[in-house]
Asks: 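Here it is, the structure in full.
Predicted, not measured: the structure shown is a model, and the values here were computed from it. In the text below, chain A, chain B and the rest are named by the order of the sequence lines, each starting its count at 1.
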Amino acid sequence: MEGEEGSSNVTQFPADSMCILPPEIITEILSRLPVKSLLKFRSVSKSWLALICSPEFINTHLSLSTNEEETLHLIILNDLEFGDKWCFKGCPVASLFNNSVTEAVDLGYPIEDDSYDLHIVGSCNELILLWFYGIQQLENTRICLNLDLGGKDHLTIPYMVWGMMSSIVIIR
Amino acid sequence: MVKLKSNDDKEFEVEEAAVIQSEMIKNMIEDGCATSVIPLPNIDSKTLIKVIEYLNKHINMGKAAETGEEDDLKEFDEQFVNMGWEELFDVIMAANYLNIHELMELCCQSAADRLKNKSVRAVREMLKITNDLTEEEEQEIINDAPWAFEGPEIDDTVN
């Protein structure tokens, strides 16, 4: 991947000499895959890795996946009082208007320990920014949670990035 | 009627209302370049028959919503993409060349659905891709999100 940057302002992906489909069609197909599959298929070849990680591809993928009604989530945070664990549940906003009964789906939860306080700071592009506080080892931990992956992947945000991210989230 | 010719020299007559779903042919007709037979050097007759079948079925797509035929069309689409992997690729290539947006969408989504749960090895084999990553590079990608490579849904078969 090194050496590709800077050489040209148009991103060129090396074509697989053997691949039976041209790169533009591979892009069309891959942009319709869920994030989990894309993370897996980064290891198919160098050109797939470069494609899937490119900002152009990420933008195309995001605009295609947010077009689907199902991905417009409403987030509900369960209170400890009502269950033995914290959990996030979500349902499509549109279903509240169109269906008589709406089922909320469990979106997963990144951390096993549930004995601390949590705040949702904001969200954009299928990511939720969370803020935990009140427990020693997790004190003031900020977590960025990817909704598309059912809460399976999360990043702990360093303090410096935190201020920047929360202002981005508020602007969005 | 518009006449289309496949690369194996077979001619097909298609209604103009059906064939203008192809942006490419629509532009040719508007520019007055479609007076006789339109040669399609990239498409064989087997694939062209599939494409024409799709065009004819979708000719009244606007009307389908009014007459309640949407389900019928959906069922047709599901049946339509129920074809072999190589055949699907041929249709995708043809839809891309002829610029038929809806058909492209349908077939690419079908290809994505088929690839979704495939193992990395299966994908390489299905698309004839040579792995040019080093073992270290590959391991690094796996370590980055190991759970993406695991799970009962991972399918290692090639079809």
Asks: Are any of the side-chain heavy atoms of B:Gln139 and A:Ser43 separated by less than 4.5 Å?
Replies: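 Side chain of B:Gln139 against side chain of A:Ser43, heavy atoms only: no contact under 4.5 Å found.
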Asks: For the residue pair A:Leu39 and B:Trp147, establish whether any side-chain heavy-atom pair is separated by less than 4.5 Å.
Replies: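 They are in contact (side-chain heavy atoms under 4.5 Å apart), so the answer is yes.
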Asks: Would you mind checking which part of B:Met104 comes under 4.5 Å of any heavy atom in chain A, side chain (CB onward), backbone (N, CA, C, O), both or neither?
Replies: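 For B:Met104, the contact with chain A is made by the side chain alone.
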Asks: Which one wins on heavy-atom pair count under 4.5 Å against chain A: B:Met126, B:Lys118, B:Arg121?
Replies: B:Lys118
Asks: Please classify the contact between B:Glu153 and chain A as side chain, backbone, both or neither, with a heavy-atom cut-off of under 4.5 Å.
Replies: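 Side chain of B:Glu153 only, per the 4.5 Å heavy-atom cut-off to chain A.
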Asks: Would you say B:Val123 and A:Lys40 make side-chain contact, with heavy atoms under 4.5 Å?
Replies: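 The answer is no, as the side chains (C-beta and beyond) never meet within the 4.5 Å cut-off.
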Asks: Would you say B:Val91 ends up clustered with B:Phe76 if hydrophobic residues are merged whenever their side chains have heavy atoms under 4.5 Å apart, either directly or through other cluster members?
Replies: yes
Asks: Would you check if A:Trp48 and B:Leu127 make a side-chain contact, meaning some heavy-atom pair closer than 4.5 Å?
Replies: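 A side-chain contact under 4.5 Å exists here.
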Asks: Rounded to the nearest 0.5 Å, what separates atom CD1 in B:Ile141 from atom CG in A:Leu49?
Replies: 4.5 Å
Asks: Cluster question for you: counting only ILVMFWY and a side-chain heavy-atom cut-off of under 4.5 Å, with indirect links fine, are B:Met83 and B:Trp85 together?
Replies: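 Same cluster: B:Met83 reaches B:Trp85 through Ile, Leu, Val, Met, Phe, Trp or Tyr contacts under 4.5 Å.
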Asks: Check whether B:Leu115 gets within reach of chain A through its side chain, its backbone, both or neither, counting any heavy atom under 4.5 Å.
Replies: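 For B:Leu115, heavy atoms of backbone and side chain both lie under 4.5 Å from chain A.
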Asks: Does one hydrophobic cluster hold both B:Leu4 and B:Ile49, with members joined at side-chain heavy-atom distances below 4.5 Å?
Replies: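 They do share one cluster, since a chain of ILVMFWY contacts under 4.5 Å joins B:Leu4 to B:Ile49.
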Asks: Is A:Leu21 close to B:Met93 at the side-chain level, that is, under 4.5 Å between some pair of heavy atoms?
Replies: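 They are in contact (side-chain heavy atoms under 4.5 Å apart), so the answer is yes.
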Asks: Any side-chain heavy atom of B:Gln109 within less than 4.5 Å of one from A:Ile29?
Replies: no
Asks: Ignoring hydrogens and angles, tell me if any N or O in the side chain of B:Arg124 forms a donor-acceptor pair with the backbone of A:Val44 under 3.5 Å.
Replies: yes
Asks: Could you check whether any side-chain heavy atom of B:Asp144 comes within less than 4.5 Å of a side-chain heavy atom of A:Arg42, counting everything from C-beta outward?
Replies: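 The answer is yes; the side chains approach within 4.5 Å.
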Asks: Heavy-atom distances under 4.5 Å only: say whether B:Asn131 touches chain A with side chain, backbone, both or neither.
Replies: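 Both the backbone and the side chain of B:Asn131 come within 4.5 Å of chain A.
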Asks: Please state whether the side chain, the backbone, both or neither of B:Glu105 comes within less than 4.5 Å of a heavy atom of chain A.
Replies: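 For B:Glu105, heavy atoms of backbone and side chain both lie under 4.5 Å from chain A.
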Asks: Answer yes or no: is there a side-chain heavy-atom contact under 4.5 Å between B:Lys116 and A:Lys36?
Replies: no
Asks: Out of B:Ser119, B:Ser110, B:Cys108, return the one with the most heavy atom pairs under 4.5 angstrom to chain A.
Replies: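 That would be B:Cys108.
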